[in-house]
Amino acid sequence: MSAPANAPSPSPLHRLASGLYGNGPVLLALTTLMWAGNAVASRLAPGHLSPMLMTCVRWMVVLAIVLVLFRRSIAREWPVLKRSWPTVLFLGAIGYTIFNALFYAAGAYTSAINLTLFQSCLPALILVGSFLVFGVRATWIQLLGLALTMAGVAVAASHGDLSSLKQLRLNFGDILTMIACVLYAIYTIGLGKRPAVSGQTLFAGMAAAAFLTSIPLLGWEIASGRVIWPTDATGWGILMFIAIFPSLISQMFYMRAVELIGADRAAVFLNLTPVFGAIMGVVILGERFGVYEAAALALVLGGIFLSEKLGRPRQAAARPA
């Protein structure tokens, strides 16, 4: 049915927002940009915020926001969400709480290079999981694109000194990182089996799950005397930033992007995060950005281009609805 003749036409801002929310690659690029900002914020947090406090309070803030903004859809779809509560609790716990807690803990045992390199394996884990669960087969072009993005991450993590990668040794932190990546891959694939509710309602449920499951971690941090409460503008600013952008907006963008293009295609974009992190480190932290960082960005973008432009037709046909 066509719209009434006298219906007001959408404003340019509304058309822009609608177009953005229907473009999976753009949503993923913005998501990884915000995740890179989360990494930079985490590096600024020591002395201002403790890790588990940051994890718990960010989801408390997010939950308060979504309960106000999405209260009507939550009330309308609550019966369906309630029936799927175990799934929602599981996804929120592993994708939001446990994943971040393991990465925070891993940072105390391993190097930044190891963290970055192991995280670059996440797209491959998602591709394997998509094949096992949905039967989605990766084409050789998509695999080549993934290999290029992983090469870009290696260049960024080593700052061009690839010989330093030979000296890396596995440690306890690397095991924690791999567990975290496996859990996030399960979360991403699990979004394909989401309950039949809107993205707003689903996110509200998972935010509630993240907040509830992070409370024991905060309790442990308080009991051990390691908690650091925000006492200055920097601490509060970091907390509000990670709550609104990496936690609220980026996670909704990521869920929507996976819904639009599937977990298999979304996976390749994840390796933009460390490259964006390197660029933001230059802008915000004053770190060096040279030819190797530019080469890393070119490799990651080239890999995404191959996967999206050349591997897309067969992938779109293979991906389940």
Closest non-hydrogen atom pair, Trp35 against Pro246: NE1-O, 3.9 Å
Leu306 with Trp140, same ILVMFWY side-chain cluster at under 4.5 Å: yes
Side chain proximity check, Leu89 to Thr213, heavy atoms < 4.5 angstrom: yes
Any side-chain heavy-atom pair of Ile222 and Trp229 under 4.5 Å: yes
Side-chain donor or acceptor of Thr273 paired with backbone N/O of Ala36 under 3.5 Å: no
Thr201 (side chain) donor-acceptor with Ser73 (main chain) under 3.5 angstrom: yes
Ser50 side chain to Ile228 backbone, donor-acceptor under 3.5 Å: yes
Result of checking Tyr254, Phe211, Trp59 against Tyr96 for ring-ring contact (aromatic ring centres under 6.0 Å, His included): Trp59
Student check: side-chain heavy atoms of Glu221 and Leu217 closer than 4.5 Å: no
Connected via hydrophobic side-chain network under 4.5 Å: Phe70 and Trp78: yes
From OG (Ser214) to CG (Leu212), nearest 0.5 Å: 7.5 Å
Distance, nearest 0.5 Å, that separates CG of Leu301 from CG of Leu148: 11.0 Å
Distance-only side-chain donor-acceptor flag, Asn271 / Thr149, under 3.5 Å: yes
Side chain proximity check, Thr55 to Leu218, heavy atoms < 4.5 angstrom: no
Heavy-atom closest pair, residues Glu77 and Ser198: OE1-OG, 2.8 Å
Sub-4.5 Å side-chain heavy-atom contact between Leu191 and Glu259: no
Closest non-hydrogen atom pair between Pro123 and Leu270, with its separation: CG-CB, 4.1 Å
Side-chain donor or acceptor of Arg71 paired with backbone N/O of Val68 under 3.5 Å: yes
Check: Tyr21 main-chain N/O paired with Arg256 side-chain donor or acceptor under 3.5 Å: yes
Rounded distance (nearest 0.5 Å) linking atom CG of Leu125 with atom OG of Ser130: 10.5 Å
Minimum side-chain heavy-atom gap Leu44-Thr234 below 4.5 Å: no
Atom of Gly205, atom of Val88 and distance for their closest heavy-atom approach: C-CG1, 3.4 Å
Derivation of the side chain to side chain contact (heavy atoms under 4.5 Å, CB included) call for Arg226 and Trp220: CA-CA 9 Å; Arg226 301 180 181 181; Trp220 167 82; 3.4 Å; yes
Which atom of Arg58 lies closest to which atom of Ser247, heavy atoms considered: NE-OG, 2.8 Å
Distance-minimising heavy-atom pair for Ala29 and Leu272: CA-CD1, 4.3 Å
